[in-house]
Amino acid sequence: MYQALYRAYRPEVFSEILGQEHIVRILRNQIKKGETGHAYLLCGTRGTGKTTTARILAKAVNCLSDGDKPCGTCANCQAIKNGTFMDVVEIDAASNNGVENIRDLRESVQYPPVLGRKKVYIIDEVHMLSTGACNALLKTLEEPPEYCMFILATTEPQKLLPTILSRCIRLDFRRVPEYTIKEGMRRICSDRGISVTEDALGLIAVNADGSVRDGLSILDQCLAGVQDSLTRDDVIDFLGIPSEEALIELTHNVAVHNISDALIILDELIRDGKEIKQLMKEWLEHYRSLLIARFIKSPEDMLNMSSENVSRIRAQAQALEPEEINRGIRELSATINEARWSTQPRVLLELCIVKLGSFYEERQPAARQISKVMPEAAAVKKDECETEPAEDFSRLWDDAVNRAASMKPGLTMLAGHTRITGMDEGTFTVEPSSPAMENMLKTSRQLIEEIIEKLTGRKLSMVCGQGGGGSSNAESIAGKIENAFNINVEIK
C-alpha cells in the first residue's frame, strides 16, 4: 500500500529531524548524561516535528544500543516505530479529553514498564483536555513514578493551565527555514528518480510556510501528476496558484486604473480553478516582491524565482511609486484578514481591486502608462516617464486631502470645505470655508506641503486665503520668504 511522503520519510533518529537543532542538542545532552526530565511540553506550529520528536525521545530512553540513542534499529526502536511497544502510550487529547480518560491513565501509571526502561505517555493536542481532565492530570504530572515520562505536545500552549506549564520542561519548535525544507525535498526527489527544478522546490517551500509536513503533502500531490520531472509550472498547476505573469498583469491594470480589465483577469483566474484566498496571499507576496525589487539591487536570492521573472518584477517595481506598493500591501493584508471570517471572499477581493484602482489619480499621464512587463515587453525607465504636473487643481487637492486624511484622520474635514485657488512658482493658495478650516490648514501646513511636493514634484509653500486679495499677497510673499530661507514668517 502507498504511504504518504510525510509518513514514509518520518525521521526515526535525532539526526534526521529538520530545522530543530536547538531542541535536538538539548535532548541529546540529557540522554547522554542520563538526566532526562519526567515531563516535557513540546510547543510549536503544525508540521514542525513535535510528535515525531516525542516518539524519538521515547525510543531514546528505551533504546538497547550502547552507542548513540536512539539507534533506530534495535528491537525496542523498531517496536516503537511500528506502534507495537507496550510501554509507549499515545493519547490524542482531541478525542480523549474527559476526566475518565485521565483517570484510566492514572491507574495505568501504577504498573511498571514491561519491556523497556521507561513507560512513556505521549499526549498530543494536550490543550484540548477539559479543565477537569487537566486538574486530574496535575498530581500525576508533578510526582510520577521514577519509571514514567510524560511528553505533552500542543500548538496552543497559551491555553494550558499555568500549573501544568510549571511542571514541564518546555521546548519551543521553530518554523523550519525554506532552504532546509528544499534540501529535504530535493533528497526525496532524488531517491524517487524525479528531476526537479530549483524554482519548483522554492515555490513548494514558500507555500509550506515553515511546516515540513505541509511541504511534503504539497510535494506528494505534485509528484502524483508527473512522470520523471517536476517544474515550477507543474507546481503552479497543481496548487491552483496564479502565475507570475497573471499577477503582473493584475497589478498593471490596477496601477493604470483599468478596474474593468483587472476584474476580468480575476474572473478568469477563478474560472481556471484558482482558490480565492490563496490568490489573495499570492498577490500580497507579489507586492512584497515589488517592494524588495524596488530597494534591493540584487533581489534574486530573496525573491526565490527565476531570473526572467525577477527582471519582470524589477521593471514593474521601478514603474510604480513606493506609496502605491505600500498601499497595495496594506489593502491586501486587510482584505486577507477580513476574508478569514467571510463566506464571500471573492466580493472582498473585488472591492480591494476597486479601492486600489481608484485611489491614485493620473497626475502624470506618461508615467502612468506602465508597461505590463510581460516577457516580450521592455523595462520602463524613469527618465522616460517624467512629465509636467497636471494643472487640474481640483483633482490635485482631492488627492492631497485623501493622503493627508490617511495619515491624520481628522483632516477628512478639509474635503469639501477647502480648495486650491491658485499656484505659482513658489506657492499654492488654499481657500478655507471658515476660520476653523483655516486653522486646521495652518496646523497641518508641513504635512500638506510635503504631500503637494510629492504630487507635483515641486517644493511649494501653502498660502491660506482668497486668491488675489491683499492678505493673500502678503501671505504669498511670506510663503516665498519661508521657502527661500527656511524660516517661519508670521503676518500680524
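Please read these numbers as outputs of a predicted model, since none were measured by experiment. Below, each value reflects all heavy atoms present in this structure, side chains not excepted, and no hydrogens, waters or symmetry copies.
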Heavy atoms of other groups near Tyr147 OH, more than 12 under 6.0 Å:
yes
Could you check whether any side-chain heavy atom of Ile194 comes within less than 4.5 Å of a side-chain heavy atom of Ser229, counting everything from C-beta outward?
no
CZ/Arg167 to NZ/Lys139 distance, rounded to the nearest 0.5 angstrom?
8.0 Å
Hydrogens and angles aside, do Tyr40 and Gln30 bring a side-chain donor and acceptor to less than 3.5 Å of each other?
yes
Distance-only, no hydrogens or angles: does the Lys59 side chain make a donor-acceptor pair with backbone N or O of Lys69 under 3.5 Å?
no
More than 12 non-hydrogen atoms from neighbouring residues, nucleotides or ligands closer than 6.0 Å to CG on Asp191, yes or no?
yes
Determine whether a donor-acceptor pair (N or O, by modelled atom type, separation under 3.5 Å) exists between the side chain of Asp172 and the backbone of Cys43.
no
Checking Leu105, Ile151, Asn96 against Ile123 for side-chain contact (heavy atoms from CB on, under 4.5 Å), the one that qualifies is Leu105
Are there over 12 heavy-atom neighbours, none belonging to Arg117, within less than 6.0 Å of that residue's CZ?
yes
Hey, what do you get for CG (Leu266) to CZ (Arg271), rounding to the nearest 0.5 Å?
11.0 Å
Output yes when a side-chain donor or acceptor of Ser211 lies under 3.5 Å from a complementary backbone atom of Asp214, and no otherwise.
yes
Is Arg186 paired with Glu198 through a side-chain N to carboxylate O contact shorter than 4.0 Å?
yes
Quick check on Gln227: does its CD atom have over 12 non-hydrogen neighbours (other residues, nucleotides or ligands) under 6.0 Å away?
no
Once you round to the nearest 0.5 Å, how far does NZ of Lys355 lie from CD1 of Ile353?
12.5 Å
Heavy-atom count check: over 12 atoms from other residues, nucleotides or ligands less than 6.0 Å from Arg174 CZ?
no
Closest contact, heavy atoms only, Leu247 versus Trp283
CD2-CA, 3.9 Å
Run through Asp199, Ile218, Leu216 and flag the one making a side-chain contact (heavy atoms from CB on, under 4.5 Å) with Ile204.
Ile218
Are any non-hydrogen side-chain atoms of Leu41 and Ile169 less than 4.5 angstrom apart?
no
Straight-line distance of Cys77 SG to Phe85 CZ, nearest 0.5 Å
9.0 Å
Could you tell me the separation between the OG1 atom of Thr163 and the CG atom of Leu138, rounded to the nearest 0.5 Å?
4.0 Å
Go through Met149 and Thr36 one step at a time and tell me if the side chain to side chain contact (heavy atoms under 4.5 Å, CB included) criterion holds.
CA-CA 9 Å; Met149 175 186 284; Thr36 53; 3.9 Å; yes
Applying side chain to side chain contact (heavy atoms under 4.5 Å, CB included), run through Leu57 and Ile31 and close with a yes or a no.
CA-CA 9 Å; Leu57 179 56; Ile31 291 165; 4.0 Å; yes
More than 12 heavy atoms from other groups under 6.0 Å of CG on Asp68
no
In terms of side-chain heavy atoms, does Gln316 have a donor or acceptor partner in His286 at a distance below 3.5 Å?
yes
Other residues, nucleotides, ligands: >12 heavy atoms within 6.0 Å of Gln158 CD:
yes
To the nearest 0.5 Å, tell me how far Glu21 CD sits from Ile17 CD1.
9.5 Å
Residue pair Arg175, Thr45: steps toward the side chain to side chain contact (heavy atoms under 4.5 Å, CB included) verdict:
CA-CA 7 Å; Arg175 289 182 183 270; Thr45 188; 3.9 Å; yes
Distance-only donor-acceptor check, side chains Arg10 and Thr52, under 3.5 Å
yes
Would the distance check show the side chain of Glu275 and the main-chain N or O of Gln278 forming a donor-acceptor pair, the cut-off being under 3.5 Å?
yes
What I'd like to find out is whether the side chain of Thr53 reaches to under 4.5 Å of the side chain of Leu27, using heavy atoms alone.
yes
Could you check whether atom NZ of Lys277 has more than 12 heavy atoms from other residues, nucleotides or ligands sitting under 6.0 Å from it?
yes
Let's go through Ser65 and Cys74 carefully: what are the C-alpha distance in whole Å and the side-chain angles of both, what is the deciding distance for side chain to side chain contact (heavy atoms under 4.5 Å, CB included) to 0.1 Å, and is it a yes or a no?
CA-CA 7 Å; Ser65 171; Cys74 69; 5.5 Å; no
Do Lys118 side-chain atoms and Glu146 backbone N/O form a donor-acceptor pair below 3.5 Å?
yes
Does one side chain, of Asp220 or Tyr2, offer a donor that lies under 3.5 Å from an acceptor on the other?
yes
Just wondering, do Leu230 and Leu219 contact through their side chains at under 4.5 Å, heavy atoms?
yes
